Amino acid sequence: MDYMYESEHTKFMRELFAKRPHLVEQQKEARAIWWDKKVNQEELKRFDESKVPQKSYVYFDWLQK
């Protein structure tokens, strides 16, 4: 038996991309806007070094006074 399960979501996505092939390119462009970035290592290092330690529960510090 060569039956393979395919979820409704997978079928929907497959049909959507078949009907609108330009969406694949738009998806790649949108990903590049938010995720595919070069990281400035020096800036990242300065950011990590400038972190200030917080108490474990910062919202009600007035309870401890």
Side-chain angles (χ1 to χ4, degrees):
M1 188 155 54
D2 292 327
Y3 178 75
M4 294 287 292
Y5 172 76
E6 186 173 62
S7 72
E8 289 185 28
H9 181 267
T10 302
K11 288 178 188 176
F12 170 78
M13 295 304 293
R14 189 180 318 282
E15 291 172 7
L16 179 67
F17 287 135
K19 290 178 187 174
R20 300 179 182 163
H22 67 280
L23 288 180
V24 174
E25 196 59 37
Q26 286 181 340
Q27 185 181 32
K28 290 178 185 177
E29 290 171 8
R31 177 190 165 104
I33 290 171
W34 295 103
W35 298 106
D36 298 337
K37 301 283 184 188
K38 293 195 182 249
V39 177
N40 181 337
Q41 294 297 326
E42 191 63 35
E43 193 172 304
L44 184 63
K45 181 181 174 189
R46 279 190 299 127
F47 180 75
D48 287 339
E49 289 172 350
S50 67
K51 288 183 180 177
V52 177
Q54 275 188 324
K55 295 179 181 177
S56 60
Y57 197 73
V58 297
Y59 298 106
F60 292 107
D61 65 342
W62 54 270
L63 290 173
Q64 297 172 356
K65 293 179 182 178

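Excluded from the calculations below are hydrogen atoms, water molecules and symmetry mates; all remaining heavy atoms, backbone and side chain alike, are included. Here the structure is a predicted model, which means the values were calculated and not measured.
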**Passing option when Phe17 is tested against Arg14, Glu15, Met13 for side chain to side chain contact (heavy atoms under 4.5 Å, CB included)** = Met13
**Asked** Picking from Glu43, Gln41, Glu49, what satisfies side chain to side chain contact (heavy atoms under 4.5 Å, CB included) with Lys45?
**Response** Glu49
**Prompt:** Any idea which heavy atoms bring Lys37 and Ile33 closest together, and the distance?
**Reply:** CE-O, 2.8 Å
**Item:** Whether Thr10 side chain and Glu6 backbone form a donor-acceptor pair below 3.5 Å
**Value:** no
**Prompt:** Does some side-chain heavy atom of Lys51 sit less than 4.5 Å from a side-chain heavy atom of Asp48?
**Reply:** yes
**Connected via hydrophobic side-chain network under 4.5 Å: Val24 and Leu16** = yes
**Request:** Mark yes when over 12 heavy atoms from residues, nucleotides or ligands other than His22 sit less than 6.0 Å from its NE2; otherwise mark no.
**Result:** yes
